[in-house]
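Below: one structure, written as structure tokens.
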Protein chains: 2
Amino acid sequence: MAEVAARAGVSTMTVSRALKRDGAVSEETRRRILAAVEELGYVLDLSAGALSSKRTGFVAVLVPSINNSNFADTARGITEVIDDQGLQVLLGATDYDIEKEEHLVQTMLTRRPDGIIVTDGRHTPRARRMLQAAGIPVVEIWDLPAEPIDHVVGFSNAEASRALVHRLYQKGYRKIGFIGGASRRDSRGADRRLGYLRAIEELGLPVGRTIAFGDPPISVEQGGQAIVHLIEQWPDMDAAVCVSDLSAFGAIMECHRRGWAVPGRIGIAGFGDFEVSRWAWPRITTVAVNCRTIGLEAGRILLGALDDVQRKRTPMPATLIVPFEVIEREST
Amino acid sequence: MAEVAARAGVSTMTVSRALKRDGAVSEETRRRILAAVEELGYVLDLSAGALSSKRTGFVAVLVPSINNSNFADTARGITEVIDDQGLQVLLGATDYDIEKEEHLVQTMLTRRPDGIIVTDGRHTPRARRMLQAAGIPVVEIWDLPAEPIDHVVGFSNAEASRALVHRLYQKGYRKIGFIGGASRRDSRGADRRLGYLRAIEELGLPVGRTIAFGDPPISVEQGGQAIVHLIEQWPDMDAAVCVSDLSAFGAIMECHRRGWAVPGRIGIAGFGDFEVSRWAWPRITTVAVNCRTIGLEAGRILLGALDDVQRKRTPMPATLIVPFEVIEREST
DNA sequence: CTGTTAGCGCGTTCAT
DNA sequence: ATGAACGCGCTAACAG
């Protein structure tokens, strides 16, 4: 920067200003500086800038998996909003593991992000403590934690799942099973199961028709295996609710393979409105949540909080509930 | 750090050492320091460390899209390798746009990454210049650039596609069409089309049977539309090669919907071995590349180069060609 | 609109 | 095995 400054005949401070958005620099000076930058191939060093300005421009984002189009969409939404402000996302995947989340939180904090977005409201006590002590805005997404750390953008997975079962009931289904992951690692999956159970009970339908399969994310293959178990165990089953569209898709493909008509023999519904559900044959009934919107809103709330911090106002924790929608398609 | 040092009765330098892997600190001192760290809830500030050590511990990774399981797998592979060494991935998505790539390269370099991994061998001249001038190891992946910048981990998309067409020919297919994106933005897609054309010519099959659809990534929906065009335009068509599994999947589902048997009426093949292809009905013939391996190897090569740099050896540019495999499944 | 001074929180380097 | 002095490259704060 000193070289650029020398070449442009100004001080480094003026170069610094010219290279920022808000820099109050005369047009002529800026032109000379940018020319010098170009000639020297100079690239600003933000890590040094971060040290002196005490703002790194990083936003840490923790999702269960980037290899899941729902979370990838959310991450994109966050990135879109954040990019505009010249901030940079630090993405981490927890693999649905709160221990791993704790470790990632620690690693991320080491980079001094200006804010952090975490998926889920479940954390280890230590992770929770670190998040609270970090002194930066925190946004928990994709869930409605009972005790939010700070801001929240999410919805009730249980309510959504319950609404889906009610809709199936209205369509005439009476023997409704559930296919989901075995462990309690995936709290959203667990919530969906809860909503299913609540609905079954409310409606007085036969209970206990649940297949639990391996560690989340339970995927296409396990959906296929589960539907076979379900039908073999309870041959009168007329519908199956799956913890996600991926397992619903696997279940439907397995039904084709065995000559079980969907929805003729059995109706199948998923969760998440993945792209596959819109184009599968039959198209899959599901619960749609606007994943990108979750990301956009989380990003906006974070930016607002950051702005508050900069103006030395105390940010007010916000909770934003995004809508979900049961989408009926051909599979039920 | 000064507070930790005071509490542990040592200098900050000793704290710094205790917090690194290689730190030469006595067991007793380290124990006291870690205790102080825990009591004070101290978190190391790597951005400050980066400034003085001149190593940020960042590795920039540019992929066309994170919402594509192939690239997500590669990103995971890179992260796995890189994490072990305490490095942190800075992920960016170019949206298959080399202008956007140029902008991202600039943004990333601003963070002073220790190395950078870019997808594809096509770059704007300015991006190329910036990558070369950055003075850090560069790895180009997923392609075999004619003029590599530095290291390469990839394969020939054209060869892979060509092999697929030859395999279809062996199975008896003679009227083979191609479904892909319209623009030249996706260089891997363009390469696959090239390989298809080469094979068609070598085998003396009827040419011109190509449907080009919108901007990449062409996806499930466009696959469905394209197969209809293809069959209506050339009713004697007996097979279609799709630029990716997603479009192949869309094509197959559309065929189901219209009562065109796959592979009875028409054989359909994809590219990429996405999970959907393994579980769709019928399972989809495709070209498999080990995406995670591309990531792992790219990460390893980068780490090797970083090690060379640290030991002040000049790293030798390496080119690693990963294997591909034509996988025949039920759809052909 | 521009410059000066000081310092961000560490790690390097050298000394002990 | 440990410590002291210094500086990494930039920006905040203030002055002009």
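Naming: A, B, ... by sequence-line order, numbering from 1 per chain. Any value given below was found using the heavy atoms of this structure, including those in side chains, with hydrogens, waters and symmetry copies removed.
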Kindly determine whether A:Asp95 and A:Lys100 satisfy salt bridge (charged side-chain N to carboxylate O under 4.0 Å, His left out), including the steps that lead there. CA-CA 7 Å; A:Asp95 288 330; A:Lys100 193 157 179 188; 2.9 Å; yes

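The separation between A:Ile33 atom CD1 and C:dC1 atom P is 13 Å, rounded to whole Å. Rounding to whole angstrom units, CZ of residue A:Arg55 and C1' of C:dG7 are separated by 19 Å. Remark: P of C:dC10 and CD of B:Glu3 are 10 Å apart, rounded to the nearest angstrom.
A salt bridge is absent between B:Glu3 and B:Arg7; no separation between the charged side-chain nitrogens and carboxylate oxygens falls under 4.0 Å. Between A:Asp186 and A:Arg188 there is a salt bridge, since at least one side-chain N of the basic residue sits less than 4.0 Å from a carboxylate O of the acidic one.
Among B:Ile301, B:Ile117, B:Leu320, B:Val138, the one residue that satisfies the side-chain contact (heavy atoms from CB on, under 4.5 Å) test with B:His151 is B:Ile301. Here the options are A:Leu109, A:Leu302, A:Leu306, A:Asp114, the test is side-chain contact (heavy atoms from CB on, under 4.5 Å), and the partner is A:Ile136; only A:Leu109 passes.
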Contact list (N/O, under 3.5 angstrom) for nucleotides 8-12 of chain D vs protein:
residue	atom	partner	partner atom	Å
D:dC8	O2	B:Ser52	N	3.3
D:dG9	N2	A:Ala48	O	3.2
D:dC10	OP1	A:Tyr42	OH	2.3
D:dC10	OP1	A:Asp45	N	3.4
D:dC10	OP2	A:Met1	N	3.3
D:dC10	O2	A:Ser52	OG	3.4
D:dT11	OP1	A:Lys20	NZ	2.9
D:dT11	OP2	A:Ser16	OG	2.2
D:dT11	O5'	A:Ser16	OG	3.4
D:dT11	O4'	A:Ser52	OG	2.3

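Aromatic ring pairs are classed by plane angle as parallel below 30°, tilted from 30° to 60° and perpendicular above 60°; the pair A:Phe58 and B:Phe58 is tilted.
For A:Ser26 and C:dT2, the shortest distance from a side-chain N or O to OP1 or OP2 is below 4.0 Å.
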